[in-house]
Amino acid sequence: MSGSAYHVTHSITADGDDKGIINLEGSATMRIYLYDLKLSCSGAPVDAQVIVHVNRSTAIGSGGTGLTEQKVDPLTVNAASATTVGGDWTADPTDGNTLEDIAFNGRVTGRFAAIPKHELVSAATAANGLFIVENARSTGSPVVRCTVSWRE
Amino acid sequence: VPDNRKSVVRPHGTVILTDKFSGKETHHDTLQCCHCMRHWIVVKGSGKRRGWCFRCNGPTCGADACMDHIPAEAQLEILEGTRNPGSVSVGMPGKLWVPDDISVGDKKEVKPSEETKPENKTSRKIISID
């Protein structure tokens, strides 16, 4: 695998539909290759179906907070990712086309892994990136926890 | 190992669902559209209509927009503004193979010709999309 690899984890309370979890914002000189996505519901077990989408984003959200990524390989030269990682917006990033959608029960842990050369890729354009969003949940307010790994 | 773990010979990804309490794992293979780069879980007998692009030599997701041959890399370059969309060749002789009863836009059946013979040995139908 070429490039530097990073991962980040974030949780949201899915008390509504179309609620953003994590946005990976690339740049005009760099594409993001998402190769691993882990999903679960933390807290008390809940029987709720949750649908999570991985979309291309074409504009960053507003009112969000930055998330701190961790490098996958401790020998990675670039300690800090060139990707801007955000979450907890007041206005979510703008969705582009959907690259992957996963439905899982709150009592189940879900994982998506792409083989090399078949990752989910964002365009190398300013403010563009990949947006992981809770698209819908069947009932209640499950706490959706997401860990995403990418290289750049 | 669950039955559906190997639903395709060369999957492009995998979705693994693990029940936290019983520990039972369910594996689903995914394929990726060679045009829009979308992954989907392969479900045998689902009735979903997909396609195959002979120019990319890869599966397509079946969406109307993906019936034209615009490779994923070209689509990314168009998004990035480094490729003129008008310079992408989407026309024939690139042909898409789709199941017999699919209805995709304005299609017309063409007779198997010399150039399509290698891909047209069995019951496959070659369509051209105008």
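So that the names make sense, note that chain A is the first sequence line, chain B the second, and so on, each numbered from 1. Source: prediction; values computed, not measured. Atom set for the values below is all heavy atoms of this structure, side chains included, hydrogens, waters and symmetry mates excluded.
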Salt bridge present between A:D36 and A:K38 (N-O < 4.0 angstrom): yes
Carboxylate-amine/guanidinium proximity below 4.0 Å for B:R38 and A:D101: yes
Exceeds 12 heavy-atom contacts within 6.0 angstrom, atom CZ of A:R145: no
Residues, nucleotides or ligands: over 12 heavy atoms within 6.0 Å of B:K24 NZ: no
Partner residues of A:H118 under the ring pair (Phe, Tyr, Trp, His ring centres under 6.0 Å) criterion, sequence neighbours left out: B:H12
Per-residue contacts, residues 106-115 of chain A versus chain B, heavy atoms under 4.5 Å: A:G106, A:R107, A:V108, A:T109, A:G110, A:R111, A:F112, A:A113, A:A114, A:I115
Region of B:Q32 that comes under 4.5 Å of a non-hydrogen atom in chain A: side chain
Interface moiety of B:T82 toward chain A, non-hydrogen atoms closer than 4.5 Å: neither
For A:W89, the rest of its hydrophobic cluster, which grows through side-chain links under 4.5 angstrom: A:F131, A:V133
Evaluation steps, salt bridge (Lys or Arg N to Asp or Glu O under 4.0 Å), between A:R137 and A:D15: CA-CA 8 Å; A:R137 87 277 187 252; A:D15 52 6; over 6 Å; no
All side chain to side chain contact (heavy atoms under 4.5 Å, CB included) counterparts of B:C33, not counting sequence neighbours: B:H35, B:C36, B:W40, B:T60, B:C61, B:C66
Contacting region of A:V121 [heavy-atom separation from chain B under 4.5 Å]: both
Which portion of A:S122 sits near chain B, non-hydrogen atoms under 4.5 angstrom: backbone
Among the listed options B:D19, B:V15, B:L76, the residue most often paired with chain A at heavy-atom distances under 4.5 Å: B:L76
